[in-house]
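In what follows, a structure is listed as structure tokens, so that the remarks can point back to it.
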Amino acid sequence: MYPILRTDPPMSAWIERTAADLAAFGEEHRTELDIANRANRFPRELYAELGRRGYLGPLVPTEWGGLGGGVAEYSVIAEEVGRHGLVSGQIAAQGQRWLLDWGTAEQQERWLRGIATGEIVFSECISEKNAGSSFKAMASTAVRDGEDWILTGSKTHINLGADCDVTLFYAVAEEGLTCFLVDMTLPGIRTHVTRAIGLRLIRTADVVLDEVRVPDAARLGPAGGGLQTFLSTFNISRLGNASELIGLGRRSLELGLRYAGQRQVGDQLVTDFQGIQWTVADAWTALQAASLARDDAALAHARGEDLALRTTTAKRLAITAAERANDAAYSLVGGHGLYHDTPYTDIDNDIKVLKVAGGSAEIMNNYIARCVLRDEGHEGLA
Ligand SMILES: Cc1cc2nc3c(=O)[nH]c(=O)nc-3n(C[C@H](O)[C@H](O)[C@H](O)COP(=O)(O)OP(=O)(O)OC[C@H]3O[C@@H](n4cnc5c(N)ncnc54)[C@H](O)[C@@H]3O)c2cc1C
């Protein structure tokens, strides 16, 4: 895969090394990863090891302990993480983007190095019971009290919410949507682990802030600037989602093919059946299209071009590709795939989560349609 990124010799050599290293990591730790996934547990030590190897800080300059790369490197890592069922660094990458774009020198000093190396676990507290796809009903509040702020609110679906050291908490202040870096050891914070069906290595939690006092220095970006700060991670989030989905699809297809290539049914192998071959061709084609769209977005970023439509298209294509690849795998493996000790249902569940989290398929479609209708001069009809 990586159809375009591979054409660049220095990048392709780095891709080879990264893919091989992450594959070896997955093989070495497969049992621990599978046990943690089924137990809905965050394997912090394995996460830290990924950080030590540089995979959690793709966007952070090397002097801060990161890889010093860009979105292309980030995409490659995210795809391999999906492909080998590793602990996702997507939330850490978004934290880096937020801190690099909006953090003060003091905030960067305090958090950035640790997030990039995996010593500090970051989470993002945006969604609430009544505010998911839209911020309009967000009920969390930020109220000034002298030089401080008092934060109150209940967040839900928060990946790493009960495992993090710092969270980015979005709340409504008098000036409008505002976000704060909240140290999770502060008094007034409660967390409760929840059991999502997928991405359980970065398990979810409900996070409640009950009149938590933070200094103004904890505010990230301007008061009332929450929408701008949110938008600065929009592309990273969608590219990370797209890349992990492509990786999950590849994993499923590769495992299915490995099994079916040796599975005799009557006097033929499963991979000899034309009906099966066409299913494989459809899945491969969808994965290739998603990879091309994702690579196109990564390269457009390097050229300084606008990415939003490209990253949204990549995520939309990657959802379909991952679903198609996992469906193909079910066809390839038959009954063998329908047990919990085979990986296909876990992959299926991860795909379902990534189809919603970070912006659902419907929200991707809305954005794509808005752009297309605007270009065609039909904006008023959208
Ligand atoms: C496992 C998991 C992990 C998550 N991790 C985090 C996290 O770490 N931090 C965080 O803040 N949030 C997180 N989320 C929340 C996630 O971002 C939201 O679930 C998502 O934005 C959708 O919001 P909702 O679930 O409230 O659905 P709703 O907004 O209630 O939407 C319900 C349905 O309606 C559709 N819909 C909504 N608006 C439109 C529209 N305008 N047009 C067409 N269809 C529409 C949606 O696509 C969806 O299918 C996570 C969610 C899950 C499931």
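Sequence positions, counted from 1, serve as the residue numbers for this chain. Please read these numbers as outputs of a predicted model, since none were measured by experiment. Just so it is clear, the values below take in all heavy atoms, side chains as well, and ignore hydrogens, waters and symmetry mates. Remember, it's 1-based here, ligands and their atoms both numbered in the order they're listed.
A search for side-chain contact (heavy atoms from CB on, under 4.5 Å) contacts involving Pro3 returns Gln288, Ser291, Leu292, Asp295, not counting sequence neighbours.
When heavy-atom distances to ligand 1 are checked against a 4.0 Å cut-off, Leu160 has no atom that comes that close, whether in backbone or side chain. Heavy atoms from both the backbone and the side chain of Ser133 come within less than 4.0 Å of ligand 1. At a 4.0 Å heavy-atom cut-off, ligand 1 does not touch Leu199 at all. Contact annotation for Ser360 and ligand 1: only side-chain heavy atoms (C-beta onward) come within less than 4.0 Å of the ligand. Residue-level proximity to ligand 1 for Ile363 is carried by the side chain, the only part with a heavy atom below 4.0 angstrom. Using a 4.0 Å cut-off between heavy atoms, Asn159 contacts ligand 1 through both its backbone and its side chain.
Between atom CG of residue Leu186 and atom CG of residue Leu151 there is a gap of 9.0 Å, rounded to the nearest 0.5 Å. The distance from the CG atom of Leu299 to the CZ atom of Arg294 is 10.0 Å, given to the nearest 0.5 Å.
There is a protein heavy atom closer than 4.0 angstrom to atom 5 (N) of ligand 1. For atom 8 (O) of ligand 1, the nearest protein heavy atom lies closer than 4.0 Å. Counting protein heavy atoms under 4.0 angstrom from atom 15 (C) of ligand 1 gives one or more.
The shortest N or O to N or O distance between Ala357 and ligand 1 is not under 3.5 Å. Every N/O-N/O distance between Thr156 and ligand 1 stays at or above 3.5 Å. Any N or O atom pair closer than 3.5 Å counts here, and Ser134 shares no such pair with ligand 1.
Using a 4.0 Å cut-off to heavy atoms of Ala196, the atoms of ligand 1 that qualify are 1 (C). For ligand 1, the atoms closer than 4.0 angstrom to any heavy atom of Glu124 are 7 (C), 8 (O), 9 (N), 10 (C), 11 (O). Short contacts between ligand 1 and Gly358, defined as distances under 4.0 Å to a heavy atom of the residue, involve ligand atoms 17 (O). Counting atoms of ligand 1 from 1 in the listed order, those under 4.0 Å from a heavy atom of Ile126 are 11 (O). Contact atoms of ligand 1 toward Ile158: 7 (C), 8 (O), 9 (N), 10 (C), 11 (O) (distance under 4.0 Å to a heavy atom of the residue).
Residue-environment remark: CZ (Arg263) stays at or below the threshold of 12 foreign heavy atoms within 6.0 Å. Residue His301 qualifies as open at atom NE2: its count of foreign heavy atoms under 6.0 Å is 12 or below.
Ring orientation note: the planes of Trp98 and Phe122 are tilted relative to one another, at an angle of 30° to 60°. The aromatic rings of Tyr344 and Tyr330 are tilted relative to each other, their planes meeting at an angle between 30° and 60°.
Remark: among candidates Glu128, Glu362, Lys129, the nearest residue to atom 43 (C) of ligand 1 is Glu362, based on non-hydrogen atoms. For atom 51 (C) of ligand 1, the candidate residues are His157, Lys155, Arg203; the nearest heavy-atom contact is made by His157. Among Ala137, Ser237, Ser127, the residue whose heavy atom lies closest to atom 18 (C) of ligand 1 is Ser127.
Between Phe273 and Thr271 there is no side-chain heavy-atom pair separated by less than 4.5 Å. With contacts defined as side-chain heavy-atom distances shorter than 4.5 Å, the pair Arg6/Glu16 qualifies.
Between the side chains of Thr194 and Thr204, at least one donor N or O lies within less than 3.5 Å of an accepting N or O. Judged by distance alone, the side chains of Asp21 and Tyr55 do bring a donor and an acceptor atom under 3.5 Å apart.
Here the two rings, on His336 and Tyr259, have centers that are under 6.0 Å apart.
Shortest contact from atom 1 (C) of ligand 1 to any protein heavy atom: Val353 CG1, 3.4 Å. Counting only heavy atoms of the protein, atom 26 (O) of ligand 1 lies nearest to Gly132 CA, 3.3 Å. Nearest protein heavy-atom neighbour of atom 20 (C) of ligand 1: Val356 O, 3.8 Å.
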Exercise. Apply side-chain contact (heavy atoms from CB on, under 4.5 Å) to the pair Asp216 and Glu147, showing each step before the final yes or no.
Key: CA-CA 6 Å; Asp216 191 46; Glu147 297 292 298; 5.7 Å; no
